[in-house]
Every structure is written in structure tokens, then in C-alpha cells.
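Basis for what follows: all heavy atoms, side chains included, without hydrogens, waters or symmetry-related copies. Numbering of residues begins at 1 and proceeds along the displayed sequence.
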Amino acid sequence: MARASKQPLYDQLVDILTEKINQEYRPGDLMPSERELSERYGLSRTTVRLALQELERLGMVVRKHGRGTFVADQSAQVTNLMQAYSFTDQMKAAGRVPETTILEFSEIDADKNLAQHMGVRLGDRLFKLKRLRSADGIPMMVERSFLPVRKFLTLKRPLLDSMPLYEIVENVYHEKIRVAEEEFFASVARPGEAHLLDIPENAPVLELARTTYNIANEIIEYTLSVARADQFKYKVLHQRM
């Protein structure tokens, strides 16, 4: 293995094995052992172990005690963002265990940008809810949600801790959701998001902007999210009528 690069050796091995996983191996294939990889690339067992741990963290391999390291079926792990606006429901449907950590809950004044996107007046009061969404212990997405205070006057932190946001919206405040529009675009992780998502700075991410409407066509939620690109996919179905 070339050693001239400033990239750490284990990181170089991660890149090499990622390419092999994407191009040569199939889901379920047994990976070479730590000893084999160490001899093949002239690296210490510690370096090889770090690389395999990183691949496991990224969901690319599964390490089974006493059996070895296997190529993961990423199609089963990657979350489809199509036609579902509830993270909790998405994760449960995929057989994963969802977890939400509330990082911030506060009241703010709508600035020009938020007022424009939410159809409210400049300075109107909004609830701001910042959450880290995880599945099976893996950080998946950072969400910043904004809701008009006038629609959810009595909303408090304990209620948010006790049940999913959309259950609160529909079951507690009786705001029937008609439609949720989402826009997706590719980006890179900024330092704060990278730290929360446990990924390197400038790693690829998906940014999402979701606008949720009630049956009166009023905007009741506007959410900006940053999702790990290695944990989500966006699938579009084109049907000829």
C-alpha cells in the first residue's frame, strides 16, 4: 500500500475495501480475515481492525463473533425517503429501532426566511425543535423543525419527550395533515452536523426541506434536515399514464 499520502493508513484501507465491496463483493460474502488483510497490504493488525470497525460503523460490513466479517446487505439497511414523512414509522417499518434525542426546544421570532417559507408574518412566534434522529444506535439525521406557536400554544418539552411529533400534531392538537412536500439536494457536512452524525467534516449528506400542510392548506410545520448519505436513498417511481 502506498504510504506517501497524508491520509491515515486505516483510512486508505477503508477506501480500498469500500471499492471492493461496491465492485467485487456481494452481500453475504465473507471478507478476508484481519491476518490476511494485514499480510496483503503490509499493515498492522491494529490498523486493519480500525478499518473494519469503520466499515462496520458505516453499515458496509457485519462482524460476527467467531465467524468473521461479512459484506452487509446495504439495500436492506439504507432508508428509502420516498413517500414517508414519519422517521419513527419509517424505521419501524424497516425493522430498526428508532431513537430521538431533543437537542433544543425554544420559542423564536420568525425571520425573513422563515416567514417566507411558512407563510407567517415577520416576527411571528415559532417553536423551534432541534432533534437528532438515530436508528439501532446509529446517528441518522439532524432535524430543525419550526411550528407556529398560535397553532400549538400549550406545547411543552415533556409532551415532545413522550410521543412522536406527528402524533402530537394530529392526536393532541387535532391538526389533520393533508400533505408533506419535501425537497432534496446533495451537500457536505458542516462541522456541527458532522459531530452530531459521527461522520467526517465535508462527508456527503442529503439536505431536506419539508413543508407540512393541514387540510385548510395552512403550513403547520417546516423542517430542515441533514441526513447521512450512507444511510439514506431517494427512490423515484415514474409511471406512464
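Within the structure, every pair that satisfies the salt bridge (charged side-chain N to carboxylate O under 4.0 Å, His left out) test and touches residues 60-71, not counting sequence neighbours, is listed here: Glu34-Arg63. Listed by first then second residue, pairs satisfying ring pair (Phe, Tyr, Trp, His ring centres under 6.0 Å) with a partner in residues 188-214 number zero, not counting sequence neighbours.
Linking ILVMFWY residues whenever their side-chain heavy atoms come closer than 4.5 Å, directly or via other members, leaves Leu30 and Leu17 in distinct clusters. Placement of Leu103 and Ile168 in two distinct hydrophobic clusters is found when ILVMFWY residues are connected by side-chain heavy-atom separations under 4.5 Å, directly or transitively. Put simply, Ile21 and Val48 are part of the same group of oily side chains (I, L, V, M, F, W, Y) that touch within less than 4.5 Å, one to the next. Cluster annotation: Leu153 is connected to Leu160 through the hydrophobic network of ILVMFWY side chains, with a link wherever side-chain heavy atoms come within less than 4.5 Å. Cluster annotation: Leu165 and Val149 are assigned to the same hydrophobic cluster (Ile/Leu/Val/Met/Phe/Trp/Tyr, side-chain heavy-atom contacts under 4.5 Å, transitive).
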_Could you go through Thr212 and Tyr166, starting from their C-alpha distance and side-chain angles, then the distance that decides it, and tell me whether this counts as side chain to side chain contact (heavy atoms under 4.5 Å, CB included)?_
CA-CA 10 Å; Thr212 304; Tyr166 288 119; 3.6 Å; yes
*asked:* Between Phe127 and Phe146, does the ring-ring contact (aromatic ring centres under 6.0 Å, His included) criterion hold? Intermediate values first, please.
replied: CA-CA 5 Å; Phe127 286 121; Phe146 303 91; over 10 Å; no
*Ser134 and Glu99: CA distance, side-chain angles, deciding distance, side chain to side chain donor-acceptor pair (under 3.5 Å) verdict*: CA-CA 5 Å; Ser134 305; Glu99 181 182 358; 5.1 Å; no
_Check against side chain to side chain contact (heavy atoms under 4.5 Å, CB included), Ile102 and Arg157_ = CA-CA 9 Å; Ile102 297 178; Arg157 172 70 181 265; 3.6 Å; yes
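Between the side chain of Arg228 and the main chain of Leu197, a donor-acceptor pair closer than 3.5 Å is present. Within the 3.5 Å criterion, the main-chain N or O of Ser33 finds a donor-acceptor partner in the side chain of Glu36. Under the 3.5 Å distance criterion, the side-chain polar atoms of Thr18 are matched with a main-chain donor or acceptor of Val14. Side-chain atoms of Asn214 do not come within 3.5 Å of backbone N or O of Ile177 as any donor-acceptor pair.
Closest of all the heavy-atom pairs between Ala110 and Leu122 is O-CD1, 3.5 Å. Closest approach of Arg125 to Asp109, counting heavy atoms only: NH1-OD1, 2.7 Å. Closest approach of Leu155 to Leu159, counting heavy atoms only: CD1-CD2, 4.0 Å. Minimum heavy-atom separation, Val62 to Ala72: CG2-CB, 3.8 Å. Considering every non-hydrogen atom in both Ala189 and Ala194, the closest pair reads CB-CB, 4.0 Å.
The side-chain heavy atoms of Lys130 and Val142, taken from C-beta on, include a pair separated by under 4.5 Å. In this structure the side chain of Leu132 reaches within 4.5 angstrom of the side chain of Pro139, judged on heavy atoms. Side chains of Asp29 and Phe70 form no contact here, defined as non-hydrogen atoms less than 4.5 Å apart. Using a 4.5 Å heavy-atom cutoff, the side chains of Arg178 and Asn217 are in contact. Between Asp15 and Leu13 the shortest side-chain heavy-atom distance does not fall below 4.5 Å. Taking the side chain as every heavy atom from C-beta outward, Leu196 and Val226 never approach each other to under 4.5 Å. Residues Tyr222 and Leu224 form a side-chain contact, since some pair of their non-hydrogen atoms from C-beta on lies under 4.5 Å apart. No side-chain heavy atom of Glu175 sits under 4.5 Å from any side-chain heavy atom of Glu170.
Here the OG atom belonging to Ser225 is positioned 8.0 Å from the CZ atom belonging to Arg131, to the nearest 0.5 angstrom. Note: Leu43 CG to Arg49 CZ = 12.5 Å, rounded to the nearest 0.5 Å. The CE atom of Met60 sits 8.5 Å away from the CG atom of Asp230 when rounded to the nearest 0.5 Å. From Glu24, atom CD reaches atom CD of Glu19 across 8.0 Å, with rounding to the nearest 0.5 Å. Distance check, rounded to the nearest 0.5 Å: CG of Leu37 to OG1 of Thr47 gives 11.5 Å. Atom OG1 in Thr69 sits 7.0 Å away from atom CE in Met31 (nearest 0.5 Å).
Using a 4.0 Å cut-off between a side-chain N of Lys or Arg and a carboxylate O of Asp or Glu, Arg121 and Asp124 qualify as a salt bridge. Using a cutoff of 4.0 Å between basic side-chain nitrogens and carboxylate oxygens, Glu107 and Lys128 are not scored as salt-bridged. Checked for salt-bridge contact, Glu143 and Arg133 meet the test: a charged N lies under 4.0 Å from a carboxylate O. A salt bridge is defined here as a Lys NZ or Arg NE, NH1 or NH2 lying under 4.0 Å from an Asp or Glu carboxylate O, and Lys151 with Glu218 meets this definition.
Ring-plane geometry between Tyr173 and Phe152 is classed as perpendicular, the angle between the planes exceeding 60 degrees on a 0 to 90 degree scale with a lower cut at 30.
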Which pairs would a plain distance check flag for residues 201-209, meaning a side-chain donor or acceptor within less than 3.5 Å of a matching protein atom at least two apart in sequence or in another chain?
from   : atom 1 : to     : atom 2 : distance (Å)
Glu207 : OE2    : Ser187 : OG     : 3.0
Glu207 : OE2    : Arg190 : NH1    : 3.3

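Atom CD of Glu183 is surrounded by 12 or fewer heavy atoms from other residues, nucleotides or ligands within 6.0 Å.
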